[in-house]
Amino acid sequence: MAARVMMAPLRYQSRSLYLVFLHLQKTFKHTDSTADVLLQKKGGAGIITLNRPKVLNALSLRMIQQIYPQLKAWEQDPETFLIIIKGTGEKAFCAGGDVRAIADAIKAGDRMTQDYFREEYTLNNAVGTCKKPYVALIDGITMGGGVGLSVHGHFRVATEKTVFAMPETAIGLFPDVGGGYFLPRLPGKIGYLLALTGFRLKGRDVLKAGIATHFVQSDKLPDLEKDLIALKSPSKENIAELLNSYHKQTKIDQEKEFVLDEHMEKINSIFSANRMEDIVQKLKQDGSPFAMKQLETINKMSPTSLKLTLRQLREGASLSLQEVFTMEYRLSQACMRGHDFYEGVRAVLIDKDQSPRWKPAALEEVSDEFVDSCFKPLGNSDLKL
């Protein structure tokens with residue numbers, strides 16, 4: 001049957017029927033429930049569903065290559081008024097980029113290491129510059145690449161299941177996907193703590209940190225989505241009004257203090273240091289249980305990643321989003337050339353021994369000259385947005 005259907009266009013006499021066939025073929029391709037990403041139009045809403053629940057909706061290059069053109073098409077379509085992005089399954093919105101596939105590509109000498117970051121950051125920028133209201137339902141684990149698909153959009157809806165983190169320094173990388181833009185712009189020095197330690201924020205704390213714009217109970221998201229789709233020619237204000245009404249009805253953890261509230265003074269003082277060595281020294285001097293816990297975490301991270309990350313945030317604080325992506329692309333290629341990314345992926349995701357052997361193994365061994373070299377322009381290979 002399938003073979004006969006595929007041959008059908010050869011027998012069509014009518015061009016209009018042929019065009020209908022092509023349209024249906026394209027539609028089924030993107031709404032096939034087994035596809036890695038589902039792209040659907042419901043009413044005036046374009047809906048992107050990340051559909052790899054078995055791997056926590058990890059973002060592959062193929063998914064990026066499907067989402068980007070559709071996002072741009074919906075942005076230009078006068079009949080599309082908003083874009084919604086969500087994940088399939090109970091556990092995750094998107095747990096990050098498919099770093100294991102990237103590590104395999106390094107081994108194979110594949111150019112995917114260039115393509116993946118170039119195309120991912122181009123998609124992240126498209127989210128950040130999207131002219132249509134963009135609503136990310138960040139229900140469940142939202143890390144790394146999942147943050148890049150959500151945080152730059154107009155609206156980010158967290159739930160009691162949301163777990164946010166940028167854990168890249170643990171795998172010899174840095175908090176990319178525009179982390180250099182949004183992290184230093186969070187209140188105080190929270191962004192520096194999140195970037196260097198991979199500290200996890202959960203539930204309403206994701207809102208309180210300034211990452212989410214709204215907080216809605218997880219089991220209310222299907223109703224919220226229906227109500228968003230039902231809006232007639234909505235403006236950003238109409239959408240904000242609807243999200244606000246759901247937000248106000250959500251009482252979970254309403255009275256709970258922000259997890260970092262009592263530590264803000266310490267965080268602002270310690271993480272304002274200009275050098276990683278000084279941050280470590282200040283944590284030691286502080287000596288409190290909170291400071292010791294952060295120190296213990298930092299001591300496990302790639303020293304190279306820590307130094308790159310601190311400079312990334314310090315520079316990113318005064319750059320535009322596009323300039324940050326250009327900077328981060330340079331850093332991504334430096335990490336692909338180095339030792340620590342592959343070693344981090346091996347230790348955390350492949351062998352799972354959680355014992356990476358970083359090279360260099362100490363902060364003092366990562367020279368300023370080396371860090372400078374990672375930020376240098378790549379000439380014709382630079383990312384241009």
Side-chain angles (χ1 to χ4, degrees), residues 26 29-30 35-42 44-52 57-87 93-94 96-98 102 112-138 142-157 166 175-183 185 211-213 228 234-236 239 316 319-333 381-385:
K26 190 176 174 186
K29 178 183 161 193
H30 290 313
D36 287 350
V37 61
L38 313 179
L39 302 166
Q40 298 161 292
K41 184 82 187 296
K42 287 186 184 175
I47 300 173
I48 303 163
T49 309
L50 309 174
N51 192 38
R52 299 178 75 199
N57 298 322
L59 187 65
S60 67
L61 180 58
R62 185 170 64 172
M63 291 163 76
I64 292 165
Q65 289 169 339
Q66 287 180 324
I67 295 167
Y68 178 76
Q70 186 62 77
L71 180 62
K72 297 308 279 185
W74 280 333
E75 190 177 20
Q76 300 303 319
D77 176 21
E79 298 302 310
T80 302
F81 299 101
L82 77 151
I83 294 156
I84 299 169
I85 186 166
K86 59 181 183 171
F93 165 66
C94 172
D98 197 343
I102 300 165
M112 178 194 166
T113 56
Q114 295 152 53
D115 295 344
Y116 185 92
F117 293 101
R118 184 178 294 277
E119 296 191 39
E120 183 181 28
Y121 299 170
T122 302
L123 172 57
N124 299 153
N125 184 57
V127 171
T129 57
C130 188
K131 293 180 180 72
K132 299 286 169 75
Y134 183 97
V135 182
L137 305 177
I138 53 171
T142 304
M143 298 183 185
V147 175
L149 289 177
S150 55
V151 78
H152 306 296
H154 304 107
F155 303 107
R156 289 90 63 192
V157 183
M166 295 298 278
D176 64 340
V177 299
Y181 184 81
F182 82 88
L183 288 165
R185 287 166 172 80
I211 291 152
T213 57
L228 284 167
S235 64
K236 206 180 286 183
I239 293 164
L319 298 177
S320 70
L321 183 61
Q322 291 69 41
E323 287 167 339
V324 164
F325 286 126
T326 299
M327 170 182 71
E328 290 182 354
Y329 184 72
R330 293 167 185 167
L331 292 178
S332 77
Q333 297 313 291
S381 298
D382 251 341
L383 174 64
K384 295 166 189 75
L385 293 168

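Residues: numbered from 1 along the sequence shown. Just so you know, these numbers use all the heavy atoms, side chains as well, and skip hydrogens, waters and symmetry mates.
The OG atom of Ser381 sits 8.0 Å away from atom CD of Gln333, with the distance rounded to the nearest 0.5 Å. Expressed to the nearest 0.5 Å, how far OG1 of Thr142 lies from CE of Met166 amounts to 11.5 Å. Taken to the nearest 0.5 Å, the OG atom of Ser60 stands 5.0 Å off from the CG atom of Asp36. Annotation: the span from Leu149 atom CG to Leu50 atom CG amounts to 6.0 Å, rounded to 0.5 Å. With rounding to the nearest 0.5 Å, the separation of CG in Leu61 from CG in Leu59 is 9.0 Å. Leu82 contributes atom CG, which lies 12.0 Å from atom NZ of Lys236 (distance to the nearest 0.5 angstrom).
Contact record, Lys42 with Ile47: CD-CD1, 3.7 Å, taken as the closest heavy-atom pair. What you find for Met327 and Leu319 is that their closest heavy atoms are SD-CD1, 4.1 Å. Considering every non-hydrogen atom in both Phe325 and Val177, the closest pair reads CE2-C, 3.5 Å. Across Ile138 and Ser150, no two heavy atoms sit closer than the pair CG2-CB, 3.6 Å. Across every non-hydrogen atom of Pro234 and Ile239, the tightest pair is CB-CG1, 4.0 Å. Residues Met63 and Asn57 approach most closely at CE-O, 4.4 Å, considering heavy atoms.
Counting only distance, with no hydrogens or angles, the side chain of Lys132 and the backbone of Gly46 share no donor-acceptor pair below 3.5 Å. Arg52 places a side-chain N or O within donor-acceptor distance of the main-chain N or O of Ala58, the cut-off being under 3.5 Å. Between the side chain of Thr80 and the backbone N or O of Gln76, no donor-acceptor pair lies under 3.5 Å.
Each of Asp382, Ile64, Leu383, Leu123 was checked for a side-chain contact (heavy atoms from CB on, under 4.5 Å) with Arg118, and the lone residue meeting it is Leu383.
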Exercise for review: Would you check, one step at a time, whether the test side-chain contact (heavy atoms from CB on, under 4.5 Å) holds for Ile48 with Gln70?
Suggested key: CA-CA 9 Å; Ile48 303 163; Gln70 186 62 77; 5.9 Å; no
Review point. Does the pair Thr49 and Gln40 meet the rule for a side-chain contact (heavy atoms from CB on, under 4.5 Å), with working shown?
Key: CA-CA 8 Å; Thr49 309; Gln40 298 161 292; 4.2 Å; yes
Practice item. Test side-chain contact (heavy atoms from CB on, under 4.5 Å) on Ile102 and Phe117 and set out the steps. Key: CA-CA 10 Å; Ile102 300 165; Phe117 293 101; 4.1 Å; yes
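By the side chain to side chain donor-acceptor pair (under 3.5 Å) test, Lys72 pairs with Glu75, sequence neighbours left out. Arg185 is linked by a side-chain contact (heavy atoms from CB on, under 4.5 Å) to Tyr181, counting only residues two or more places apart in sequence or in another chain. Remark: Asn51 engages Leu38, Pro53, Thr88 in a side-chain contact (heavy atoms from CB on, under 4.5 Å) (not counting sequence neighbours). Remark: Glu120 pairs with no residue by the side chain to side chain donor-acceptor pair (under 3.5 Å) rule, at least two apart or across chains. In terms of the ring-ring contact (aromatic ring centres under 6.0 Å, His included) criterion, His154 has no residue partners (sequence neighbours excluded). With sequence neighbours left out, the side chain to side chain donor-acceptor pair (under 3.5 Å) criterion links Tyr121 to Asp176.
Around the NZ atom of Lys384, the shell of radius 6.0 Å holds more than 12 heavy atoms that belong to other residues, nucleotides or ligands.
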